[in-house]
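Side chains are part of it too, since the values below use all heavy atoms of this structure and drop only hydrogens, waters and symmetry mates.
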Amino acid sequence: MKEERGSWGSNIGFLLAAIGSAVGLGNIWGFPYKMGKSGGFTFLIVYLLLAIFVGFVIMMGELAMGRKTGKGTIGAYHDLSKKFKWVGWLAVFSPFVIMSFYSVLGAYCIEYLALNLSNLAFAGGAIMTGSDLFVAMLTNPFGAVIFTLLFMVICYLINRGGIASGIEKFNKVGMPALFVMLVIIIIRSLTLPGAVEGLKFMFVPGYAVEAGFIEEAPGFLTVLATAGGQMFFSLSLAMGAMITYGSYLSKKESLVKNSVIIVIADTIVALMAGIAVIPAAVATYGPSAALSGPKLLFITLQDVFSAMGTVGPLFGVVFYLLVLLAAISSAISLIEVISTFFMDRAAAKGKTGKRGKIVFWTCLAIMVEAAVVAIDGLGANGMWVPFQNAFGIIGEFNDCWLDFMDTLSEGIAMPLGALLMSIMVGWEIKPKTLLEEIDPSGKKWLRVFFSACMKVVVPIGMLLVLVGQIDTFFHLNIF
Ligand code: PHE
């Protein structure tokens, strides 16, 4: 059965795939902006502490759950727990919801890649401003759907290839390429006059307020919730991704070492992405530059490339290709969570689930929901959105389908899933069940660290993150 299921070709292949899953849009547009806005260096310290005491622990736990049971998310929860076996469903639901907008954002990257390629060919560079281009793209639902389809076809072709000859192969080329491109963009960004302001925004505590980037520094609990939410999303946790990837990992490999490397690599790339994009944006536009989310990527940075003259489109091509690679390598891990579930289920019934067919139906189902997000165009096309302005409190975070899907998955399902997982591991099945898998030699420090974190630190941390998210989403202002 194990052979039929497939496995990674090598540990480095697994690592690159896991890092590929972790490194994504979250690193490029989430981390740098949140870091600057939430107090620069202070945020970094909070983030690192959370990454060590929560992220690293959950990472080991998830990889162990997958490898111990040899099953994807739903199967793993089912085998391990009586009371929490339904949590697996949550961790398959979230990737499905996340993919509804992740694929559309991937499609936008392809559109901007095409734009810069054509600017390179026809020197059309600065004809339109970034914001005009963005609006033109959003109000063209047909184009958005076609490019979302293209993005999904690319993912389908990779996932169809399987673990070693699809996902691993892609990441083995894609991740090193991404790294090289990131270094190129960093060099360009830091050599722009005025780049140092951007570095100060990111790293100097309080600078964002002082220099007028934001009006007021957020309170500590808000910072904690922001850093916690970001860390989960960025490390691909509570989404079944690491359980799924872990289920294909050989028993020989060290889960502790692999988890350390994944967490460190993801954090380094997030910092590097910040150094690549923020100084360039700030050098060109100062404190008034839009530095967060889709605006940063598709308005501010496009303007930066347009302002660079003849070589601009070339940097544009490199940059959007880089972001596209990051998006694909994360998307394929989300798709794999869903398709592994169906393959395991077929195997449990004694059938051999045909990967190609399962991946096809998974991608098709995602395409249907993604079409809604694509047509909505971040709310530009006046579509109806569930719960919009409900109770007069849900507004800002529910302006469009993308925000709605994001709130549902990243905002609520992810921290809730992590909270339930830590309660299950810490209190129901007990940490030792997973520790046997994580470290068969039974090192004492690891046992104490893992147990204390799973039992106490993670549940409290997750509860705070969850309350913080709800507080922000619903404008309750508890914090
Ligand atoms: N970690 C990815 C990012 O930073 C997103 C992701 C979340 C991917 C969960 C897989 C699972 O963009």
Side-chain angles (χ1 to χ4, degrees), residues 25-27 29-59 87 90-91 94 97-98 101 205-206 208-209 213-239 263 266-267 270 291-293 387 390-399 402-423 426 453-479:
L25 298 171
N27 299 58
W29 78 28
F31 186 86
Y33 175 68
K34 289 179 191 169
M35 180 167 158
K37 200 179 81 170
S38 311
F41 202 66
T42 329
F43 175 89
L44 183 61
I45 302 293
V46 175
Y47 185 92
L48 290 178
L49 288 175
L50 281 169
I52 296 167
F53 292 100
V54 180
F56 169 56
V57 173
I58 303 249
M59 178 73 69
V87 178
L90 198 64
S94 318
V97 176
I98 291 221
F101 61 89
V209 181
F213 286 92
I214 53 165
E215 275 174 19
E216 191 182 3
F220 181 71
L221 282 175
T222 310
V223 173
L224 192 69
T226 312
Q230 171 66 24
M231 189 235 6
F232 261 86
F233 189 76
S234 191
L235 289 176
S236 302
L237 297 173
M239 281 280 155
V263 174
D266 183 65
T267 310
L291 294 178
S292 85
F387 303 110
F391 320 114
I393 46 174
I394 311 173
E396 195 183 330
F397 293 93
N398 208 25
D399 282 347
L402 189 148
D403 288 345
F404 173 68
M405 296 302 225
D406 189 31
T407 307
L408 215 58
S409 49
E410 190 192 344
I412 297 168
M414 260 175 127
L416 188 63
L419 176 67
L420 293 167
M421 178 222 177
S422 61
I423 297 175
C453 289
M454 269 295 176
K455 275 180 183 282
V456 187
V457 183
V458 180
I460 295 178
M462 286 339 292
L463 207 60
L464 283 175
V465 170
L466 198 60
V467 175
Q469 301 275 34
I470 293 173
D471 182 50
T472 329
F473 288 134
F474 301 120
H475 300 291
L476 302 178
N477 296 323
I478 307 170
F479 292 168

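Of all heavy-atom pairs spanning A225 and G468, the tightest one is CB-CA, 3.7 Å. Between M414 and E410, the shortest heavy-atom contact is CB-O, 3.7 Å. Heavy-atom minimum distance, L235 versus V263: CD2-CA, 3.9 Å. Shown here for V465 and P415, the closest heavy-atom pair between the two residues is CG1-CB, 4.2 Å. Here the closest non-hydrogen pair linking L90 and A413 is CD2-O, 3.9 Å. Considering all non-hydrogen atoms of both residues, S422 and V458 come closest at CB-CG1, 3.5 Å.
In this structure, V54 and F232 have side chains that are in contact, with non-hydrogen atoms separated by less than 4.5 Å. Considering only heavy atoms from C-beta on, I98 stays 4.5 Å or farther from M405 through its side chain. Counting only heavy atoms from C-beta outward, the side chains of D403 and F101 never approach each other to under 4.5 Å. Contact annotation: the side chain of M421 approaches that of M454 to within less than 4.5 Å [non-hydrogen atoms, C-beta and beyond].
The distance from atom OG of S94 to atom CD1 of I412, rounded to the nearest 0.5 Å, is 10.5 Å. Considering CG of L237 and CE of M231, their distance stands at 6.5 Å, rounded to 0.5 Å. Summarising the geometry, atom CD1 belonging to I58 is positioned 13.0 Å from atom OG belonging to S236; distances are rounded to the nearest 0.5 Å. Note that the CZ atom of F53 and the CD1 atom of I460 stand 13.5 Å from one another [nearest 0.5 Å].
Taking the side chain to side chain donor-acceptor pair (under 3.5 Å) definition, one finds that S234 meets it with N27, D266, sequence neighbours left out.
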In residues 30-45, what donor-acceptor pairs under 3.5 Å come from side-chain atoms, sequence neighbours left out?
unit_1: K34; atom_1: NZ; unit_2: Q230; atom_2: OE1; d: 3.0
unit_1: S38; atom_1: OG; unit_2: K34; atom_2: O; d: 2.8
unit_1: T42; atom_1: OG1; unit_2: G39; atom_2: O; d: 2.9

*When you look at L224 and L50, which way does the side chain to side chain contact (heavy atoms under 4.5 Å, CB included) test go after all the steps?*
CA-CA 9 Å; L224 192 69; L50 281 169; 4.2 Å; yes
